[in-house]
Each structure stands twice: as structure tokens, then as C-alpha cells.
*Asks:* 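Would you mind keeping the following structure in view while I ask a few things?
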Amino acid sequence: MTGGGPPQAQGDAASVDDGGGLDRLILDDNDLVREVAGPHDRNLALLEALTSARIDPRGNEIAVSGPAGARARARAAIEALLQRARNRLPIEDVDVRAAALGNAAAAPGPAAAAGDAVAPVGAGARLIKTPKRVIGPRNSAQGAYLDALARADLAFGVGPAGTGKTYLAVAHAVELLLSGAVERVVLSRPAIEAGERIGFLPGDMKDKVDPYLQPLYDALHDMLHVDYVARRIAAGDIEIAPLAFMRGRTLARAAVILDEAQNATIAQMKMFLTRLGEGARMAITGDPTQSDLPTHEASGLADALVRLQGVEGVSVSRFTSADVVRHPLVARILERYERDASARGAPRP
């Protein structure tokens, strides 16, 4: 597209090739340039390192220079970040990496390593709006998972830590509650220590079990104001409870989540799955390789994934270390553990 083309829609970018290895992305919204560039151009500096292109913000345009392949990767990554900015989604380091690696897969070069591809989020991505933030997928795996949560009555999210399985499931449950699609949210976890014995915990029952459930509180507080969460918990509209508390109940018209499901036994998993009542939606999340059950006890998550394969109304979304959206070192750590497990013949996630 050249500078003499048709006028751009609000926030659209016109790409101008000036020749000599320089491209210019021209926008009519300076705020978008600032959002993509980040504080002190931090995002663009990271994008330069990932694509081997030079990127310079200049008022209402972004100039990209360097070899043709590097420029193509950088331009496509910038377009992906612009889409996040148009959707009013935050742009963090992990989003920059996802955009750069996703586009590198389409245009291979020295910046891309085998297996690193993570598709950037496009205009059709499903967004969840909560009182404190807008939540959207950061890669193609998360996008498919959000679609599965919206479509299936029972959705499994399976894979390593840091891939957003629980966070997105909670976001979907919050969306259902705020829209009136369900009457309450029920969040549960097995109350089991992660490889160590904590011993006696003081206080009442809530004091004893809350440490196991804190990640669920953290996710809720990231989307909803603390006083609102407290009021809805007091009213019974939001319930956070250990898995053992679910026996004998029927969970109707509720968004139900079982987190850390690899620590549920087969009997517990069957019990929980059969709590599903009329008008309810259920999400099960966990990592089969991280079970804290005794070595002789089979994981209910692994069993359910085999037993429920192909059942109508059930979806399974699988994540790998390539989908990690925490610190990039987490992905590299997980890859090393997976490689060593494979060398020993141990099961992979």
C-alpha cells in the first residue's frame, strides 16, 4: 500500500515501502503507537531483539529497517500488537514474544527456533470484559481454549503451569456470572500438599483450607474488586471450597471449576463430574505430570481424559511448554524437564 492509497479507517496502519530496506507503518492514532511501543519503547526494543530488525517510532508512524525477512517478521508482529492495542488489551513482554514468534513461523529466519511458533491473536479473538480488565488470549492455544469453554458443557484444560488454564477458566466463569447466564460460581481444588507435610494449621475450617485455595482468590481479585468478591461470597453467589466439600451436592445453573485436578483420585473425579446439574458449565484444569497423590494412587484427571474421550459435550484443550505465558524462563525450564523425562521413558504431559 502506498501513501497515495485510500484513507485509512480509525487506527488502521498504512504500510509504505520507501525502498532501500525501510518500511513505514503510518497510523492516524498516535496513542496506538505509544501503546505498542510501551514505556521508553521497551516493547519495540524487545521486538528488535526477537526479529533482528530495527524499529523506530516517529510520531504517528513506526519505521522498520533491516533485511527483508526481518522486516516482514517485525511488520507482522507490530500488526498483531496493534490489534491488541485496538482491543484495549495490555501489551506485556509475553505478548511481544508471542507476536514475534508467531510471525517467525510464517517467515522462517534466524530469530525463530523449531517448535517456538505461537500464533498472534487476531481481530476475531474472543475477549472477556470484567470490571477490572479486559482479558483475551495471548496465543492460539489460549484462543482455542476460550472457544472450547464457550462451546462445551464440560471443558478440560490440560498442560503445564503458566499456560493460563485456570485464569481463563475463572475469567469465563466470571463472564457467565456477570451476564446472568449462571447464578453462581463454584471453584474447587483438592486440599493436598505439594510434596511436603505442612502439619497442623491453626484457626477455623476456612483458615485451614484457604491456603490451598488462594490461587483461585487471586484470579478472582484480578478481575473483580475485592469488596465485590466478598459480598458475592457472603451471598453464596461465589463459593470457593475444597473438593471434599462437593460430595452429595447438585450444582445447577452454576459455572463450576476444578483446579489442580491431577490431585483428584478416580473416585473423587467421578464424584465431582456427576455434580453437574441443569444449566451448569464445568471446567477441569490440571497437569497430569504434576500429581501429588501417593505413587500407588492413579490420577482421576488422567483417567477421565481417557475415559471421556469422544463423549459428546466434552472438550479437551491441551497446552505445551510452548504455550507458557509466564516468564520465558519457565518455558525453557519445562522443556528441559520434558526432555529429561522423555530420555528416561517417563510419560510426557
*Asks:* Could you check whether any side-chain heavy atom of M246 comes within less than 4.5 Å of a side-chain heavy atom of V186, counting everything from C-beta outward?
*Replies:* yes
*Asks:* Check R138 with E92, please: is the shortest side-chain N to carboxylate O separation under 4.0 Å?
*Replies:* yes
*Asks:* Go through the steps for Y228 and L220 under the test side-chain contact (heavy atoms from CB on, under 4.5 Å), then give the verdict.
*Replies:* CA-CA 10 Å; Y228 178 85; L220 283 175; over 6 Å; no
*Asks:* Are there more than 12 heavy atoms of other residues, nucleotides or ligands under 6.0 Å from atom CZ of R249?
*Replies:* yes
*Asks:* For the residue pair L154 and I284, establish whether any side-chain heavy-atom pair is separated by less than 4.5 Å.
*Replies:* yes
*Asks:* Show, in sequence, the C-alpha distance, side-chain angles and deciding distance for L308 and L273, and conclude whether the side-chain contact (heavy atoms from CB on, under 4.5 Å) test is met.
*Replies:* CA-CA 11 Å; L308 301 181; L273 291 172; 3.8 Å; yes
*Asks:* Under the 3.5 angstrom rule, does the side chain of T51 hit a backbone N or O of A74 as a donor-acceptor pair?
*Replies:* no
*Asks:* Do V311 and M271 share a hydrophobic cluster, counting only Ile, Leu, Val, Met, Phe, Trp and Tyr and linking them when any side-chain heavy atoms are less than 4.5 Å apart?
*Replies:* yes
*Asks:* Could you grab the distance from atom OH of Y217 to atom CD1 of I240, nearest 0.5 Å is fine?
*Replies:* 4.5 Å
*Asks:* Sub-3.5 Å donor-acceptor pair from the side chain of K165 to the main-chain atoms of P160, do we have one?
*Replies:* yes
*Asks:* Hey, does D218 have a side-chain heavy atom less than 4.5 Å from the side chain of Q214?
*Replies:* yes
*Asks:* Which pair of non-hydrogen atoms, one from A53 and one from V64, has the smallest distance, and what is that distance?
*Replies:* CB-CG1, 4.1 Å
*Asks:* Is there a side-chain contact between V158 and P288, using heavy atoms and a 4.5 Å cut-off?
*Replies:* yes
*Asks:* S188 and side chain to side chain contact (heavy atoms under 4.5 Å, CB included): which partner among L213, V256, L243?
*Replies:* L243
*Asks:* What closest approach, in Å, do G313 and A152 show between heavy atoms, and which atom pair accounts for it?
*Replies:* O-CB, 3.7 Å
*Asks:* Does the side-chain contact (heavy atoms from CB on, under 4.5 Å) test come out yes or no for V170 and H172, once each step is laid out?
*Replies:* CA-CA 5 Å; V170 173; H172 178 249; over 6 Å; no
*Asks:* For the residue pair V134 and I128, establish whether any side-chain heavy-atom pair is separated by less than 4.5 Å.
*Replies:* no
*Asks:* Quick check for you: to the nearest 0.5 Å, what is the distance between K129 atom NZ and S179 atom OG?
*Replies:* 14.0 Å
*Asks:* Enter the distance from I55:CD1 to L50:CG here, rounded to the nearest 0.5 Å.
*Replies:* 9.0 Å
*Asks:* How about V316 and Q309: do any of their side-chain heavy atoms sit closer than 4.5 Å?
*Replies:* no
*Asks:* Would you please test E35 and R86 for salt bridge (charged side-chain N to carboxylate O under 4.0 Å, His left out) and show each step?
*Replies:* CA-CA 9 Å; E35 286 289 328; R86 293 184 188 107; over 6 Å; no
*Asks:* Quick check: closest heavy atoms across Q262 and G286, and the distance to 0.1 Å?
*Replies:* OE1-CA, 3.2 Å
*Asks:* So, taking the atom named OG1 in T265 and the one named CG in D303, what distance separates them when rounded to the nearest 0.5 Å?
*Replies:* 10.0 Å
*Asks:* Return the CD to OG distance between Q290 and S299, rounded to the nearest 0.5 Å.
*Replies:* 11.5 Å
*Asks:* Output yes when a side-chain donor or acceptor of Y145 lies under 3.5 Å from a complementary backbone atom of L168, and no otherwise.
*Replies:* no
*Asks:* Using a strict 4.0 Å threshold on nitrogen-to-oxygen distance, state whether D227 and R231 make a salt bridge.
*Replies:* yes
*Asks:* If you look at every heavy atom in A148 and S315, which pair is closest and at what distance?
*Replies:* CB-OG, 3.5 Å
*Asks:* Has R281 got a side-chain atom pairing as donor or acceptor with L149's backbone, closer than 3.5 angstrom?
*Replies:* yes
*Asks:* Quick one, L178 with L224, criterion side-chain contact (heavy atoms from CB on, under 4.5 Å). Give me CA distance, side-chain angles, the key distance, then yes/no.
*Replies:* CA-CA 10 Å; L178 295 179; L224 302 169; 4.1 Å; yes
*Asks:* Looking at every heavy atom in both A169 and T285, which two are closest together, and how far apart are they?
*Replies:* CB-CG2, 4.3 Å
*Asks:* Any ion pair linking D222 and K132 (charged N to carboxylate O, less than 4.0 Å)?
*Replies:* no
*Asks:* A side-chain contact here means heavy atoms from C-beta on lying under 4.5 Å apart; do Q142 and L146 qualify?
*Replies:* no
*Asks:* Say you draw a straight line from CG of L127 to CD1 of I135; how long is it, rounded to the nearest 0.5 Å?
*Replies:* 10.0 Å
*Asks:* For salt bridge (charged side-chain N to carboxylate O under 4.0 Å, His left out), just list the numbers for R232 and E239, CA-CA rounded to whole Å, side-chain angles, deciding distance to a tenth of an Å, and then say yes or no.
*Replies:* CA-CA 9 Å; R232 298 302 290 262; E239 180 183 354; over 6 Å; no
*Asks:* Between the side chains of T166 and D259, is a donor N or O closer than 3.5 angstrom to an acceptor N or O?
*Replies:* yes
*Asks:* Assess, by modelled atom type and distance only, whether the side chains of N60 and N30 contain a donor and an acceptor separated by less than 3.5 Å.
*Replies:* no
*Asks:* Hydrophobic cluster membership, with links at side-chain heavy-atom distances under 4.5 Å among I/L/V/M/F/W/Y: are I266 and F272 in one?
*Replies:* no
*Asks:* What are the two closest non-hydrogen atoms of D287 and A161, and how far apart are they?
*Replies:* OD2-N, 4.3 Å
*Asks:* Taking the side chain as C-beta and beyond, is there a heavy-atom pair between P131 and H225 under 4.5 Å?
*Replies:* yes
*Asks:* Whether the side chain of N263 engages the backbone of D292 through a donor-acceptor N/O pair (distance < 3.5 Å, no angle test) should be reported.
*Replies:* yes
